[in-house]
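The block underneath contains the structure these notes are about, expressed in structure tokens.
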Number of protein chains: 2
Amino acid sequence: MLTSDEQNTAQRARTDLAKDQRRMSLLMAALDEFFEKGFSAARMQDIAKRVHLSKGTLYLYFDSKQALFKALIEEVALPTLTTTLQQSIGDQPAPAALKALMQNVTRVIRHSPLPRIVKVIIADGKAFPDLVSFYRTQVLDRVFTLIDSLLQKGVQQGHWYCLDTALSARLVVAPILFSVIWRMVFEADEYGLPDQQAKLDLDALLQLHTNNLLLILATKPELGSQPEAHHV
Amino acid sequence: MLTSDEQNTAQRARTDLAKDQRRMSLLMAALDEFFEKGFSAARMQDIAKRVHLSKGTLYLYFDSKQALFKALIEEVALPTLTTTLQQSIGDQPAPAALKALMQNVTRVIRHSPLPRIVKVIIADGKAFPDLVSFYRTQVLDRVFTLIDSLLQKGVQQGHWYCLDTALSARLVVAPILFSVIWRMVFEADEYGLPDQQAKLDLDALLQLHTNNLLLILATKPELGSQPEAHHV
DNA sequence: ATTAAATAACTAACCGGTCAGTTATTTAAA
DNA sequence: TTTAAATAACTGACCGGTTAGTTATTTAAT
């Protein structure tokens, strides 16, 4: 009467590999639920159901709901970023490296779990101040440092002018965050495309951003050129 | 034995004015709680407690928790934005208008409830798709339209070059959203300033952003100047 | 004294976490 | 090769705490 699909106990994960895979699948299920409902409203039972397991089994792999949140940052966000950063350090000239970086970014935005994790951290980070600190130092600061170095390299190579590379790195990142937020808030409404109006052309936006950056960086700043006084 | 502060039933709001004020104070309390804990984890009792009222009284002013969320957008976010936009349409020349707009923005970021509402919408909007739509059309689209118009005006006045004003409007907004998110996530940890490292210099960032924009817009684009092919 | 604003006790539903029991899988002995 | 004992992955009913929403009662204000 029961086919293997319908039976009410799942196939077991016996080997260490199978357990690691199961743990990871539960983590991705948790990410989906946290992303859709928020940490507090997400139900442990629903997370387990997503991978056809019971709530009890979920507790064999994670001690608590909080442990899921922590593992998401330490075991998904951090490794994903590390991989991405490694792919983004070549020894090309700085302008080419910037373009390549932006190409990488669009891929990460479209195909990695990082944007959803970013949304979850923004949404529910207040309940986990230690993890937010960890995320800032181990994820964000490494991104800023990479871009800062790239800008400095461009200046040293004589391609660019940049008076404040640390601040400029923030401006490099800003449209990336904008795109991420926009997609996560307005475009990720489970599989009916949202409003037609709400669509954001990711490629065009980041292309324009990149061109703008290259233009700004290539321009020698005229010191004291602002007509108004400013307080720096 | 009881001073008027300590008595266990609050002063009554009898006039329409007093009721409106009480309603608004409850809304701001709800915003504080939603911002700190998220919609789901925020407790109705805590919202009421913030303004020294009981949960029952809160239900005299709002039908449900969801009604609080809705009212936040319709009765706080929308009016705040409308006021801000009205202050931002002068008939100065476009470059001056852009600078003035950015000045307004820093004030709104620092002193209005909008940044906290933005965070709440990002965090919990998925539970209120209709309100998110409303917010996008009635708040965001009006911001984009204003900037778009400003850019077009600058082009018409001969100050600027801009091939895609709609897309560029997004890039004008991006660092503003970046600042808002950064402050809401990393700097708003109730009254112990957070990590010293986490501090973002809002004025410097938006100043640099504004200067970059003015430079880009003042530069005549060389058509077909990109060495690589691109798909626009 | 009358009115209605405010209260607090109450209800019912929900959910994180637990654990006694079930069963798929392995493995040692026949 | 067969078998059944041992193992541990998995299950889901249950418990206790929590909280949105309701209502009977109290009380401030006129």
Side-chain angles (χ1 to χ4, degrees), chain A residues 1-26 29-30 33-34 36-72 124 127-128, chain B residues 1-26 29-30 33-34 36-72 124 127-128:
Chain A
M1 202 81 228
L2 289 180
T3 74
S4 62
D5 286 25
E6 291 160 348
Q7 67 192 11
N8 54 3
T9 69
Q11 206 176 79
R12 273 112 207 260
R14 313 279 309 190
T15 69
D16 281 359
L17 175 64
K19 284 193 214 177
D20 283 354
Q21 288 172 339
R22 179 143 291 182
R23 185 183 165 88
M24 186 53 64
S25 73
L26 284 165
E33 289 292 320
F34 290 168
E36 291 291 339
K37 314 265 182 65
F39 178 80
S40 177
R43 296 162 69 243
M44 293 298 270
Q45 179 156 189
D46 292 343
I47 293 170
K49 276 275 166 59
R50 281 202 179 236
V51 288
H52 308 293
L53 291 172
S54 68
K55 186 167 61 155
T57 304
L58 175 50
Y59 277 92
L60 297 175
Y61 289 86
F62 297 93
D63 288 344
S64 65
K65 206 181 184 183
Q66 283 86 340
L68 277 170
F69 194 98
K70 187 176 184 204
L72 263 182
D124 297 305
F128 305 90
Chain B
M1 199 85 230
L2 288 180
T3 74
S4 63
D5 287 25
E6 289 162 348
Q7 70 191 11
N8 53 5
T9 69
Q11 207 176 80
R12 273 113 211 264
R14 309 204 48 114
T15 69
D16 282 357
L17 176 63
K19 285 189 207 176
D20 283 354
Q21 289 172 339
R22 183 144 289 183
R23 185 184 165 87
M24 188 52 65
S25 73
L26 284 165
E33 289 292 321
F34 290 168
E36 292 291 340
K37 315 264 182 65
F39 178 80
S40 176
R43 295 163 68 244
M44 294 298 270
Q45 178 152 193
D46 293 343
I47 294 170
K49 276 274 166 61
R50 279 200 180 239
V51 287
H52 308 293
L53 292 172
S54 69
K55 185 170 63 156
T57 304
L58 176 50
Y59 277 93
L60 297 177
Y61 290 86
F62 297 93
D63 287 345
S64 65
K65 206 180 184 184
Q66 282 86 340
L68 278 169
F69 194 97
K70 187 177 183 200
L72 263 182
D124 296 306
F128 305 90

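The analysis underlying the following values was restricted to heavy atoms, covering all of them including side chains, and did not include hydrogens, waters or symmetry mates. A note on names: the letters A, B, ... follow the listed sequences, proteins ahead of strands, and every chain is numbered from 1.
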Task: Min side-chain heavy-atom separation A:Leu58-A:Leu53 under 4.5 Å - done: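 A side-chain contact is absent here, since even the closest heavy-atom pair is not under 4.5 Å.
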Task: Within 6.0 angstrom of B:Asp63 CG, more than 12 heavy atoms from elsewhere - done: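 For B:Asp63, atom CG is not crowded (no more than 12 foreign heavy atoms under 6.0 Å).
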- [ ] Would you check, one step at a time, whether the test side chain to side chain contact (heavy atoms under 4.5 Å, CB included) holds for A:Met44 with A:Leu68?
- [x] CA-CA 10 Å; A:Met44 293 298 270; A:Leu68 277 170; 3.9 Å; yes
Distances under 3.5 Å only, N/O to N/O: pair up the protein atoms with those of nucleotides 3-8 of chain D.
none

Open item on the list: Minimum heavy-atom separation for B:Lys55 and B:Gln45, please, with both atom names.
Closed with: CD-N, 4.1 Å
- [ ] Taking only the side-chain nitrogens and oxygens of A:Thr57, find out if one of them lies under 4.0 Å from OP1 or OP2 of D:dA9.
- [x] no
d([atom1], [X]; [atom2], [N]) in whole Å:
X       : N      : atom1 : atom2 : value
B:Glu33 : D:dT19 : CD    : P     : 11 Å
B:Gln11 : D:dT26 : CD    : C1'   : 17 Å
A:Leu58 : D:dG12 : CG    : P     : 14 Å
B:Leu53 : D:dT26 : CG    : P     : 20 Å

TODO: Select base, sugar-phosphate, or nothing to describe what A:Phe62 touches, counting heavy atoms under 4.0 Å on all strands.
DONE: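 The residue A:Phe62 makes no contact with any strand.
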- [ ] Assess whether side chain to side chain contact (heavy atoms under 4.5 Å, CB included) is satisfied between B:Gln21 and B:Leu17, documenting all intermediate values.
- [x] CA-CA 6 Å; B:Gln21 289 172 339; B:Leu17 176 63; 4.1 Å; yes
Open item on the list: When you measure from the centre of the six-membered ring of A:Phe39, is the NZ or CZ of A:Lys65 closer than 6.0 Å and no more than 45° off the axis?
Closed with: yes
- [ ] Let me see the working for A:Asp46 and A:Lys37 under side chain to side chain contact (heavy atoms under 4.5 Å, CB included), right down to the final yes or no.
- [x] CA-CA 11 Å; A:Asp46 292 343; A:Lys37 314 265 182 65; 3.9 Å; yes
- [ ] Take B:Arg43 and B:Glu33 through the test side chain to side chain contact (heavy atoms under 4.5 Å, CB included) and record every step on the way to the result.
- [x] CA-CA 8 Å; B:Arg43 295 163 68 244; B:Glu33 289 292 321; over 6 Å; no
TODO: Assign a letter to each nucleotide of nucleotides 14-19 of chain C from its 5' end: B, base within under 4.0 Å of a protein heavy atom; S, sugar-phosphate only; -, no contact.
DONE: -SBBB-
